[in-house]
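First the structure, in the form of structure tokens, and then the observations on it.
Start at 1 and go down the list; that is how both ligands and their atoms are numbered.
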Amino acid sequence: MTAAGRRVCVLGATGTIGRAAVQALVRRGHDVVCFVRPRAGVGGSLSPQDSMALLGGTTIRFVDVTDPASLARDGFQGERFDAVLSCMASRTGTPKDAWAIDYQAHANLLAAARDAGVGHFVLLSAICVQKPLLAFQHAKLAFEKALIESGMTYSIVRPTAFFKSLSGQIARVRAGKPFLVFGDGTLTACKPIADADLGDYLAGCLDDESRWNRVLPIGGPGDAITPRQQGEFLFALLGRPPRFRHVPVALFDVIIATLGALGRVAPSFAAKAELARIGRYYATESMLVLDPATGRYDAAATPSTGTETLFDFYKAIAAGAAPPERGDHAVF
Ligand SMILES: NC(=O)c1ccc[n+]([C@@H]2O[C@H](COP(=O)([O-])OP(=O)(O)OC[C@H]3O[C@@H](n4cnc5c(N)ncnc54)[C@H](OP(=O)(O)O)[C@@H]3O)[C@@H](O)[C@H]2O)c1
């Protein structure tokens, strides 16, 4: 069946993947209404006019998603919608923000969406929730569970790593500095996915019935790659001899223990300790499907979509394209 021309409400439209999902929805002929904050973007850098320019071809409504009354009054406005697509997520990943946005704001949204007649909810989640050790992963899982149990048709998309999260060292390498890796640079691997490919996959959930009522791990095209391979490719691309600096994972343990102890006195240190835990997680866990039987990450079991590889992206930046906006919680 085709879902072209559906009325879709989008949350998180001003974020990295939200922007790409909006473009894909508009391209596919949907009627898109974005619920955004008056000050949006990294550090509130987007004015209302900036958001309107960014999200051309859509209707923009200014909504406070933390307030159920605002969702109904300013967002849905008593109108009917066919679907919700949410790429909304805490920008900081701290426990308080994660529970407020990744869980509670989504729970508010689900209730309001039901009142608006929404029949399908497409949720951008993350592949890392399959091994939940961090507050934001528990918050995401709690909402995934609420959505599944709601009875509404759902598509829960759990992508691997985004290009922006793997591009932070291009400037370092260009400046002649070594590429930083944890351990020997082969502790983890991922199948990176391009923003546009993921945006298209999310939008495609409305049309493709095989993605309904499913939890969908998804990566980009090609083989899984390690941080070491990313560094080697960058050095070759820039015509430099490879140079790596090895950072011990144990460094995180020291930082986490110190901030954790300070956090018992001052809460701001507890939030910083959680950010260090997030860093440690990504330094040691692969962004691939986890085989529950073996406890091993399995590249072959991780589905792929799209056409653009991380190395295509590195090549474009080396040729002069703008590097990505990396957001608030980048490690390197
Ligand atoms: N980075 C990775 O490699 C990776 C990999 C797999 C999965 N993921 C997951 O993918 C998701 C989205 O990632 P992304 O990079 O697209 O995120 P992002 O660029 O940080 O965008 C987050 C979006 O959520 C919105 N948001 C945050 N707090 C809000 C609030 N209080 N009220 C209203 N809107 C709020 C933001 O709006 P404003 O513009 O107003 O702030 C923005 O539109 C996250 O759940 C992340 O865990 C990430």
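Annotation for ligand 1: atoms under 4.0 Å from non-hydrogen atoms of Gly12 are 23 (C), 24 (O), 43 (O). Taking every non-hydrogen atom of Thr16 and a distance limit under 4.0 Å, the qualifying atoms of ligand 1 come out as 15 (O), 16 (O), 19 (O). Atoms of ligand 1 found under 4.0 Å from any heavy atom of Gly41 (numbered from 1 in listed order, with element): 38 (P), 39 (O), 40 (O), 41 (O). Near Thr14, meaning under 4.0 Å from one of its heavy atoms, ligand 1 places the atoms 37 (O), 38 (P), 39 (O), 40 (O), 42 (C), 43 (O). Near Ser165, with a cut-off below 4.0 Å to any heavy atom, the atoms of ligand 1 are 1 (N), 2 (C), 3 (O). In the vicinity of Ala126, heavy-atom distances shorter than 4.0 Å reach the ligand 1 atoms 7 (C). With ligand atoms numbered from 1 in the order given, ligand 1 contributes 32 (N), 33 (C) to contacts under 4.0 Å with heavy atoms of Val65.
At under 3.5 Å, not a single nitrogen or oxygen of Ser90, backbone or side chain, sits near a nitrogen or oxygen of ligand 1. Between Arg37 and ligand 1, a contact under 3.5 Å exists for at least one N or O pair. Between Phe162 and ligand 1, an N or O atom pair is found at a separation short of 3.5 Å. The shortest N/O to N/O separation between Ile17 and ligand 1 falls below 3.5 Å.
The side chain to side chain contact (heavy atoms under 4.5 Å, CB included) check on Ala299 picks up Ala224, Leu288, with sequence neighbours excluded. Taking the salt bridge (Lys or Arg N to Asp or Glu O under 4.0 Å) definition, one finds that Glu285 meets it with Lys131, sequence neighbours left out.
Atom OG of Ser304 is separated from atom CG of Asp223 by 9.0 Å, given to the nearest 0.5 angstrom.
Counting only N and O atoms by type, the side chains of Lys164 and Thr16 include a donor and acceptor under 3.5 Å apart. Side-chain N/O atoms of Asp97 and Thr92 include a donor and acceptor closer than 3.5 Å.
In this structure, Lys164 is part of the shell of residues with a heavy atom less than 4.0 angstrom from ligand 1. Residue contact annotation: Thr160 has a non-hydrogen atom under 4.0 Å from ligand 1. At a 4.0 Å cut-off, at least one heavy atom of Lys140 sits close enough to ligand 1 to count as contact.
For Phe76 and Phe35, the ring centers sit closer than 6.0 Å to each other. A distance below 6.0 Å separates the ring centres of Phe143 and Phe121.
A continuous path of Ile, Leu, Val, Met, Phe, Trp and Tyr side chains, each step under 4.5 Å between heavy atoms, connects Val247 with Ile256, placing both in one hydrophobic cluster. Taking hydrophobic clusters as Ile, Leu, Val, Met, Phe, Trp and Tyr residues chained together by side-chain heavy-atom distances below 4.5 Å, Leu202 shares a cluster with Leu54.
Residue nearest to atom 9 (C) of ligand 1, selected from Ala89, Ser125, Ser51: Ser125 (by heavy-atom distance).
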*Criterion salt bridge (Lys or Arg N to Asp or Glu O under 4.0 Å) on Arg19 and Asp195, from CA distance to verdict*: CA-CA 9 Å; Arg19 297 176 190 195; Asp195 301 351; over 6 Å; no
